[in-house]
Amino acid sequence: QVPILSAVENEQIFDFGNANVEIAEENRTIVDIFNRSVKINSNKTAVCFAGKSITYKELDEKSSQLANHLIKMGVKNESRVGLFLERSPDLIVGIFGILKAGGAYLPLDTIYPKERLKFILEDADVSVIISQVCLQEKLPENTNKVVNLDSESELIFNQSKIPPNVEIASSNLAYLIYTSGSTGTPKGAMNEHKGVVRLVEKLGQHIYSYYENSLNVALIAPCVFDASVQQIFAAILRGHTLHIAPECSRFDGKELGKFFSDNKIDISDGTPAHLRLLLQNAKNSRMPKHFIIGGEAMSSALIKKFRERFKSSKFVITNIYGVAECGVDSIAYDISSCEEINGSFVPIGKPLSNERVYILNESNQLQPVSITGEICLGGDKVGRGYLNLDEISKTKFVENPFITEERIFKTGDLGYFLPDGNIQFVGRKDNQVNINGYRIELGEIESRLLSFKKSRPLLQFPKPSRIEKQRCKKCLITAP
């Protein structure tokens, strides 16, 4: 291959994509950090939802009781355990109970069709499902080993409050999140304990360390969305209070603004769609000190309107970029309340600590400044791959062409380096689209529509509506 960069340019681009290396907590697990957080914050509120709350001590004891019960049911290291729960503190108890038992949690949305649930449960070979009685009819028929936290509470919460003696390694699987699949079926992205621990470290360095005292942290994302990982673990492992937004707040700007004000939220996740909801409906609401916004491209016009609308509030918006396959967040760009933004869209920023970002051409060569290529992610959070999809994993999780014994993930996203080292997101190299923060493979939608009788090939595309909200339009041609 003929080099397309001079030695000086190559060094500059390499430096742009490799953040300063910080010392990470080697060989620490989520459970290790949680235990430390409990000791420091025992009587402090850990989780709040709809007027109910639990302390760190209560979360520790309840999750230990659940873990001991799960072990009796056969859960062991790396067992996949389903979480089929409504939004509530039980969700957090379930996550830490599974992790303490040595298992990996698999979030399942209660609005998923039974056919999708059936596929995921079978593909992940789920050993146990944690649920509630009111949700039983939504599960596929003949679903075995369901633990209902409500009807079986006496049995579960009479177990020992002492954490089980389970050996857990930082390389153990912590969770799976199923993403949309181009072949018509979702893919299970696997992530380990060390990836979560390092994510929390990076968010601490980039965001949380700038604020003193205890923080009120919002969880807007559903648990099946990878942004939930950043919110849950950054809040709990750092000793803050996690406020779970009720379902109505996630789709209503007035309710979301009220949720922020009532709970004095300091840090919130969200997508550009949530900023638009607040613009439309939130009046006289107290805005958080810091928004962590991601999931889709953020327009400069939206930021300008949002700052003008809430000019009495002082806040920072971090435009965050990452993928489920690499432990959520990898790149960030901070927007202060007065910063001028050039261009139509806000840059996605620079790598977080210990992250490696490469923008490559089809020959795996580094692209020059301002030249578009595929965004590839490396560093210390690259996930294991896709469950039961070795061939696809081999094409997406590949050897790092610049550093031996490391892997990178080929995201399929396109972007380029700006002269100041920030990265500008451009779009996709395939047919995947982002709808309100969700990465959706059009092939999965096409596969479902073509399953109907008398259907023929179709065209799908995201189309902005009047408020820039992307909606998926489908064109289905039926045979005569």
Side-chain angles (χ1 to χ4, degrees), residues 45 48-51 203-221 227-228 230-232 234-235 238-321 329 332-349 422 436-437 467-469:
T45 301
C48 287
F49 174 77
L203 292 174
Q205 293 164 357
H206 193 87
I207 295 172
Y208 285 82
S209 62
Y210 290 96
Y211 301 99
E212 297 180 354
N213 304 320
S214 177
L215 298 170
N216 292 316
V217 180
L219 173 61
I220 308 298
S228 66
Q230 89 193 8
Q231 296 302 103
I232 291 169
R238 293 185 64 84
H240 301 300
T241 299
L242 181 71
H243 293 262
I244 303 174
E247 196 67 26
C248 62
S249 300
R250 298 182 52 241
F251 303 103
D252 186 305
K254 182 179 179 181
E255 290 297 323
L256 183 56
K258 185 176 184 299
F259 169 76
F260 286 155
S261 296
D262 289 349
N263 296 284
K264 298 179 180 178
I265 297 299
D266 296 304
I267 296 179
S268 179
D269 62 315
T271 67
H274 289 110
L275 299 186
R276 290 192 286 268
L277 285 174
L278 290 166
L279 265 176
Q280 294 167 10
N281 299 301
K283 295 181 179 180
N284 303 318
S285 296
R286 174 191 181 277
M287 289 296 107
K289 297 174 183 175
H290 208 121
F291 287 97
I292 305 174
I293 303 296
E296 60 185 90
M298 187 187 299
S299 73
S300 303
L302 173 61
I303 295 300
K304 183 178 179 180
K305 290 176 184 176
F306 193 82
R307 288 193 304 204
E308 179 63 28
R309 175 71 174 77
F310 299 105
K311 57 186 174 183
S312 61
S313 299
K314 290 185 178 180
F315 54 81
V316 174
I317 298 176
T318 294
N319 191 23
I320 205 88
Y321 171 89
D329 303 324
Y333 184 86
D334 294 331
I335 311 161
S336 67
S337 56
C338 58
E339 178 187 352
E340 289 299 322
I341 304 168
N342 298 317
S344 299
F345 288 91
V346 179
I348 57 176
N422 282 298
N436 292 343
I467 59 169
E468 302 173 78
K469 180 178 180 180

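In what follows, every heavy atom counts, from backbone to side chain, and hydrogens, waters and symmetry copies are set aside. Here the structure is a predicted model, which is why all the values come from computation and not from measurement.
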Practice problem: Flag the pair Tyr208 / His240 as yes when their ring centroid distance falls below 6.0 Å, and as no otherwise. | Solution: yes
Quiz prompt | Non-hydrogen side-chain atoms of Ile335 and Met298 separated by less than 4.5 Å | solution = yes
Practice problem: First locate atom CG of Asp334, then atom CD1 of Ile320, and finally report the distance between them rounded to the nearest 0.5 Å. | Solution: 8.0 Å
Exercise. Supply the atom-to-atom distance His206 NE2 to Thr318 OG1, rounded to the nearest 0.5 angstrom.
Key: 5.0 Å
Quiz item: What is the minimum heavy-atom distance between Val217 and Ala235, and which atoms define it?
Solution: CB-CB, 3.9 Å
Quiz item: Rounded to the nearest 0.5 Å, what separation is found between the CG atom of Leu275 and the CD1 atom of Ile293?
Solution: 4.5 Å
Quiz item: What is the distance from atom CD of Gln230 to atom CD1 of Ile207, rounded to the nearest 0.5 Å?
Solution: 7.5 Å
Practice problem: Could you check if a side-chain atom of Ile303 sits within less than 4.5 angstrom of a side-chain atom of Asn319, using non-hydrogen atoms only? | Solution: no
Exercise. Work out which heavy atom in Ser214 is nearest to a heavy atom in Asp266; give both atom names and the distance.
Key: O-OD2, 4.3 Å
Quiz item: For Phe259, does its backbone N or O pair with a side-chain atom of Asn263 as donor and acceptor, under 3.5 Å?
Solution: yes
Practice problem: Determine yes or no for a side-chain-to-main-chain donor-acceptor pair under 3.5 angstrom, with Ser261 supplying the side chain and Arg286 the backbone. | Solution: yes
Quiz item: Quick one: are Arg276 and Phe306 in side-chain contact, heavy atoms under 4.5 Å?
Solution: no
Quiz item: Is there a side-chain contact between Tyr210 and His290 (heavy atoms, below 4.5 Å)?
Solution: no
Quiz item: When you measure from the side chain of Arg309 to the backbone N and O of Ala282, does any donor-acceptor pair fall under 3.5 Å?
Solution: yes
Quiz item: Is a side-chain N or O of Gln231 found less than 3.5 angstrom from the main chain of Ala218, in a donor-acceptor match?
Solution: yes
Quiz item: Between Thr271 (side chain) and Ala273 (backbone), is there a donor-acceptor pair under 3.5 Å?
Solution: yes
Practice problem: Start with the C-alpha gap between Leu278 and Met287, add the side-chain angles, then the distance that decides, and say whether side chain to side chain contact (heavy atoms under 4.5 Å, CB included) holds. | Solution: CA-CA 10 Å; Leu278 290 166; Met287 289 296 107; 4.2 Å; yes
Quiz item: When rounded to the nearest 0.5 angstrom, what is the spacing between CG in Leu302 and CD1 in Ile317?
Solution: 7.5 Å
Quiz item: Is the shortest side-chain N to carboxylate O distance from Arg250 to Glu247 below 4.0 Å?
Solution: yes
Quiz item: Donor-acceptor pair, Ser209 side chain versus Gly204 backbone, under 3.5 Å?
Solution: yes
Practice problem: Using a strict cut-off of less than 4.0 Å between a Lys/Arg side-chain nitrogen and an Asp/Glu carboxylate oxygen, indicate whether Lys305 and Glu308 qualify as a salt bridge. | Solution: no
Exercise. With rounding to the nearest 0.5 Å, note down the distance linking CZ in Phe315 to CD1 in Ile267.
Key: 14.5 Å
Quiz item: Distance-only, no hydrogens or angles: does the Asp269 side chain make a donor-acceptor pair with backbone N or O of Ser228 under 3.5 Å?
Solution: no
Self-check item: Minimum heavy-atom distance Pro272-Gly294, with the two atoms named
Solution: CD-O, 3.6 Å
Quiz prompt | Min side-chain heavy-atom separation Val346-Ser300 under 4.5 Å | solution = yes
Exercise. Compare all side-chain heavy atoms of Pro347 with those of Tyr333 and state whether any distance is below 4.5 angstrom.
Key: yes
Quiz item: Which residues satisfy the side-chain hydrogen bond (donor to acceptor under 3.5 Å, both in side chains) test with Asn216, sequence neighbours excluded?
Solution: His243
Quiz item: Within the distance-only criterion (no hydrogens, no angle test), does the side chain of Thr45 pair as donor or acceptor with the backbone N or O of Thr241 below 3.5 angstrom?
Solution: no
